[in-house]
Amino acid sequence: MSSSNKRFLVLALALAGLLGLGYFAYTSFRGAAGPTLPAVPGGSAAKSGTAPPAQALPVETARVLAAALALDASAVGSLRSNESVVMRPETAGRIASINFQDGAAVGKGSLLLVLDAATQAAELDQARANLGLARSNYQRTADLFEKKFISQQALDNAQAALKVQEAALALAQARFDKMRLLAPFSGIVGIRNISVGDYVKEGQELINIEDISTLKIDFRLPESYLAQLKPGQRLEVASDALPGEVFTAVLDAINPLVEAGGRAISLRAHLPNREGRLRPGMFVRVRLIFEQRNQVLLIPEQAVVPDSKAPYVYRVIDGRAKRTPIRTGLRRDAQVEVVEGLSAGDEVVTAGQIKLRDEAAVRVVGDGSAGTPPPATAAATAGPGK
């Protein structure tokens with residue numbers, strides 16, 4: 001083969017190789033780029049005004065619930081005895097007897113303590129004797145006055161002496177009674193720290209008595225609730241010492257003075273406690289119910305998007321997000337009342353709103369209402385709507 005033929009063959013092979021590489025690159029590029037759009041009669045896709053469909057954005061949603069809503073206020077309070085007193089002697093003396101058991105129930109007028117009253121008993125006997133003598137003298141004087149043997153002044157002196165002795169007897173009786181301590185009301189006595197033979201001073205604390213058949217509840221609320229408060233309203237009371245139990249109380253009094261420091265109103269209610277399960281000094285949670293409303297629309301609070309004009313939510317309608325302005329009301333337990341803008345059963349976006357625009361295509365990937373309480377238990381704290 002001549003040299004010219006060899007050069008022609010090499011060039012032909014090189015050209016064929018280049019053509020093969022070009023075809024391979026072209027087919028590879030078409031496969032990676034995807035299928036080509038079909039031709040549109042009358043011009044290109046850009047000229048016809050159509051565009052490829054947008055990719056759907058993943059979102060989580062929840063349904064609008066129609067539930068019962070309690071208009072209420074919550075606070076913490078302390079329990080107090082219906083009646084409470086610490087017995088103290090009015091006169092110093094030595095304890096002669098103790099007539100109760102620690103923690104026992106006593107009735108009104110029961111004798112609790114007796115102090116040594118030997119001196120007072122002697123003074124009482126002396127006063128009784130003097131009173132008897134004064135009565136006899138007055139009777140004789142009155143008889144003589146009727147017979148005109150003595151003057152009116154003598155009769156007046158005898159009558160005055162009788163009254164003086166009557167007062168002296170009353171004073172001796174009072175001093176004697178002060179040595180005996182009686183229960184002022186029915187209740188339960190506390191734990192004593194005294195014994196028979198102890199010498200106690202005037203005003204020294206001896207024993208406490210508590211009437212716990214009914215308990216008082218003292219608590220406070222912000223002044224904004226003043227217009228909604230009135231005696232006779234029902235309260236729900238719960239204690240950490242008795243989990244799961246709710247007691248019913250009644251509002252008794254509203255302090256007319258608003259505390260200047262905290263702008264709060266002091267309130268007092270009473271709670272029947274016949275079984276004695278609650279005790280004075282316990283901490284309780286108080287829920288004051290103003291109004292019970294039905295068919296209130298509730299949505300999770302994460303569905304609400306704040307805005308300078310009005311808050312809004314995204315409703316999901318036929319696979320697209322629809323921006324919907326709303327008016328909200330009460331809030332509690334991560335739930336928001338919807339006063340205007342939604343209906344029961346509407347599907348609202350609870351996660352993924354940041355990337356959304358009005359009429360954007362969406363794809364529901366989860367339910368954001370997992371933490372929504374059942375309608376029967378939904379409640380809200382009283383306050384101004386937003």
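With no hydrogens or angles considered, a side-chain donor-acceptor pair links T324 and R315 at under 3.5 Å. Side-chain contact of S213 with D211: a donor-acceptor pair under 3.5 Å is present, judged by distance alone. A side-chain donor from one of N208 and E210 sits under 3.5 Å from a side-chain acceptor of the other. Donor-acceptor pairing under 3.5 Å is recorded for the side chains of E259 and S266.
Considering K108, E83, M87 as possible partners of P184, the one that fulfils the side-chain contact (heavy atoms from CB on, under 4.5 Å) test is M87. Under the side chain to side chain donor-acceptor pair (under 3.5 Å) test applied with N137, the options R135, R140, Q139 reduce to a single match, R140.
Note that the CG atom of L278 and the CZ atom of F247 stand 4.5 Å from one another [nearest 0.5 Å]. We find the CD-CZ distance between Q353 and R323 to be 12.0 Å, quoted to the nearest 0.5 Å. Interatomic distance, R128 CZ to Q165 CD, rounded to the nearest 0.5 Å: 14.0 Å. For the atom pair CZ of R268 and CG of N255, the computed distance is 9.5 Å after rounding to the nearest 0.5 Å.
By the rule that hydrophobic residues join a cluster once side-chain heavy atoms approach within less than 4.5 Å of another member, L124 and L181 end up as members of separate clusters.
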With side chain to side chain contact (heavy atoms under 4.5 Å, CB included) as the criterion, how do L342 and I326 come out once you've worked through the C-alpha distance, each side chain's angles and the decisive distance to 0.1 Å? CA-CA 7 Å; L342 295 176; I326 61 172; 3.9 Å; yes
Requested in this report: With side chain to side chain contact (heavy atoms under 4.5 Å, CB included) as the test, would you mind laying out the steps for F176 and L171 before giving the verdict?
Outcome: CA-CA 9 Å; F176 179 79; L171 178 61; over 6 Å; no
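You'll find the side chain of V338 stays beyond 4.5 Å of the side chain of R327, heavy atoms only. Residues I212 and P280 are in side-chain contact: their nearest non-hydrogen atoms beyond the backbone lie under 4.5 Å apart. Counting heavy atoms from C-beta on, the side chains of Y225 and L288 never come closer than 4.5 Å. Side-chain contact check for L251 versus L235: some heavy-atom pair is nearer than 4.5 Å. When side chains are defined from C-beta on, K322 counts as touching D358, because their heavy atoms get closer than 4.5 Å. Residues Q233 and V250 are not in side-chain contact: their nearest non-hydrogen atoms beyond the backbone lie 4.5 Å or more apart. The shortest distance between side-chain heavy atoms of L298 and V296 falls below 4.5 Å.
Within a 6.0 Å sphere centred on CD of Q101, other residues, nucleotides and ligands contribute 12 heavy atoms or fewer.
Considering all non-hydrogen atoms of both residues, A303 and T350 come closest at CB-CG2, 4.0 Å.
Every residue two or more places apart in sequence or in another chain that forms a ring pair (Phe, Tyr, Trp, His ring centres under 6.0 Å) with Y312 is listed here: Y314.
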